[in-house]
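Following: one structure in structure tokens, then a few remarks.
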Amino acid sequence: MKLGIIGAGSLGTALGQRYAESGHSIMFGGGASAQDAAVRLRVRVGSNAETAAFGDVVILAVPFCAIGPALADAGSLRGRVLWSCVNALRPDFTGLAIGFDNSGAEEVARRAPGARVVAAVPPFAHAIAKGPLSYDRDLAPTVFVCGDDSAAKRIIEDLVLELGAHPVDVGSLTAARLVEPAMMLAVSIAYAGVPRDVGLRLLERSPILAA
Ligand SMILES: NC(=O)c1ccc[n+]([C@@H]2O[C@H](COP(=O)([O-])OP(=O)(O)OC[C@H]3O[C@@H](n4cnc5c(N)ncnc54)[C@H](OP(=O)(O)O)[C@@H]3O)[C@@H](O)[C@H]2O)c1
């Protein structure tokens, strides 16, 4: 699959590295950091618009404060699958910039009219970069998948599975209002004091066991 990754920071490069290793074709979009990442990983690089046109899936991995310019540069994404990895964090990571009646995911969708937006905030970039994800008791971390296009969600769930994570469809894009605070919780646990390598996991009891 062709993956166009807009934003080649910690997360974008970790995803690019893993997906390049598993045989996907990668293009990074952005400025100097995209150039550097492309050279290091020996993949393509282009403008945001070229990257958006390249990808069967366009992955948005920029800070929340950069979604406006990044998507404006990307041009029309109408009909395209757009995986938003963005959490609506404040620039200093002390909390969420918006929430409860809005989400980063919905702000992305507003700036990409007609795109098939799927919001799925991945686990921490450093963990993704190390290889298949597993935490205590060999559990894979859950990635909560939100969106209004079921077929697009299945595509992103497959990509999440490839990382070794555990995708869970939590419904429409507005469910991101609940997911983004949960992922902020993971950030605050991870960086309160000594940095910790944490992920969130949804546990389910089967109906037979629960009876
Ligand atoms: N890091 C994680 O563990 C993690 C995990 C889950 C979700 N996320 C989410 O992923 C997003 C990125 O996080 P990050 O940690 O990777 O951030 P980061 O390391 O600060 O990287 C951000 C990247 O976005 C690029 N960028 C900024 N404006 C851009 C634009 N207009 N067009 C193209 N590229 C642009 C930057 O390029 P320049 O440096 O060249 O300006 C940089 O490469 C955030 O929304 C975050 O909430 C991150």
Side-chain angles (χ1 to χ4, degrees), residues 4-19 26-41 43-55 58-75 77 82-99 103-109 111-112 117-130 133 135 141-146 156 159-160 163-165 167 176 179-191 195-200:
I5 304 178
I6 297 178
S10 310
L11 183 67
T13 53
L15 293 174
Q17 177 192 328
R18 289 287 307 281
Y19 289 133
I26 307 296
M27 180 184 278
F28 285 116
S33 59
Q35 292 282 347
D36 292 348
V39 169
R40 187 164 61 80
L41 298 179
V43 299
R44 294 175 176 81
V45 63
S47 65
N48 288 353
E50 287 164 338
T51 302
F54 170 82
V58 181
I59 301 177
L60 185 64
V62 299
F64 178 61
C65 58
I67 62 172
L71 289 169
D73 289 348
L77 288 161
L82 176 61
W83 174 5
S84 173
C85 299
V86 174
N87 200 358
L89 304 183
R90 292 185 196 137
D92 63 2
F93 304 147
T94 54
L96 292 173
I98 54 170
S103 62
E106 290 162 90
E107 289 297 324
V108 166
R111 289 165 175 79
V117 178
V118 178
V121 177
F124 289 120
H126 63 267
I128 292 173
K130 280 186 212 147
L133 293 156
Y135 290 71
T142 296
V143 172
F144 300 99
V145 180
C146 320
I156 303 310
L159 288 168
V160 166
L163 298 174
V179 172
E180 291 175 16
M183 302 318 287
M184 179 66 228
L185 175 67
V187 171
S188 73
I189 292 170
Y191 294 107
R196 293 157 71 190
D197 207 346
V198 299
L200 303 184

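Remember, it's a predicted structure, so these values are computed and weren't measured experimentally. Just so you know, ligand 1 is whichever comes first in the structure, and atom 1 is the first atom listed for that ligand.
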Going from [atom1] on [X] to [atom2] on [Y], what distance comes out if it is rounded to the nearest 0.5 angstrom?
X	Y	atom1	atom2	result
R111	I67	CZ	CD1	4.0 Å
I156	I59	CD1	CD1	7.0 Å
L71	I6	CG	CD1	6.5 Å
L96	F64	CG	CZ	9.5 Å
L133	R18	CG	CZ	6.0 Å
T13	I5	OG1	CD1	8.5 Å

Do [X] and [Y] come close enough that some side-chain heavy atom pair is under 4.5 Å?
X	Y	result
L41	Y19	no
V198	F124	yes
P69	V62	no

Output the list of atoms in ligand 1 that are nearer than 4.0 Å to some heavy atom of [X], sorted by atom number.
X	answer
F124	3 (O)
G30	33 (C)
V121	6 (C), 7 (C)
S33	37 (O), 38 (P), 39 (O), 40 (O), 42 (C), 43 (O)
A8	43 (O)
C85	7 (C), 8 (N), 9 (C), 10 (O)
A125	1 (N), 2 (C), 3 (O)

P63 near ligand 1 by a heavy-atom separation under 4.0 Å: yes

Assess the residue pair I98 and E106 against the criterion (side-chain contact (heavy atoms from CB on, under 4.5 Å)); give the C-alpha distance rounded to whole Å, side-chain angles, the decisive distance to 0.1 Å, and a yes or no. CA-CA 11 Å; I98 54 170; E106 290 162 90; over 6 Å; no

Of the listed options ([options]), which comes nearest to [atom] when hydrogens are ignored and any heavy atom counts?
atom	options	result
atom 46 (C) of ligand 1	V108, N87, L71	N87
atom 18 (P) of ligand 1	A88, P123, G7, G9	G9
atom 11 (C) of ligand 1	V62, I5, L60, T51	V62

How about CZ on R44, more than 12 heavy atoms from neighbouring residues, nucleotides or ligands closer than 6.0 Å, or not? no

Top protein contact for [atom], by heavy-atom distance:
atom	result
atom 28 (N) of ligand 1	A66 CB, 3.5 Å
atom 30 (C) of ligand 1	A70 CB, 3.8 Å
atom 32 (N) of ligand 1	N48 ND2, 3.0 Å
atom 6 (C) of ligand 1	P122 O, 3.2 Å
atom 19 (O) of ligand 1	S10 N, 2.9 Å

Any non-hydrogen protein atom less than 4.0 Å away from atom 41 (O) of ligand 1: no

Side chain, backbone, both or neither: the part of [X] lying under 4.0 Å from ligand 1 by heavy atom:
X	answer
A61	backbone
V86	both
A34	neither

Main-chain N/O of G104 paired to E180 side chain as donor or acceptor, under 3.5 Å: yes

N87 side-chain N/O to L89 backbone N/O, donor-acceptor pair under 3.5 Å: no

Check: L11 N/O within less than 3.5 Å of ligand 1 N/O: yes

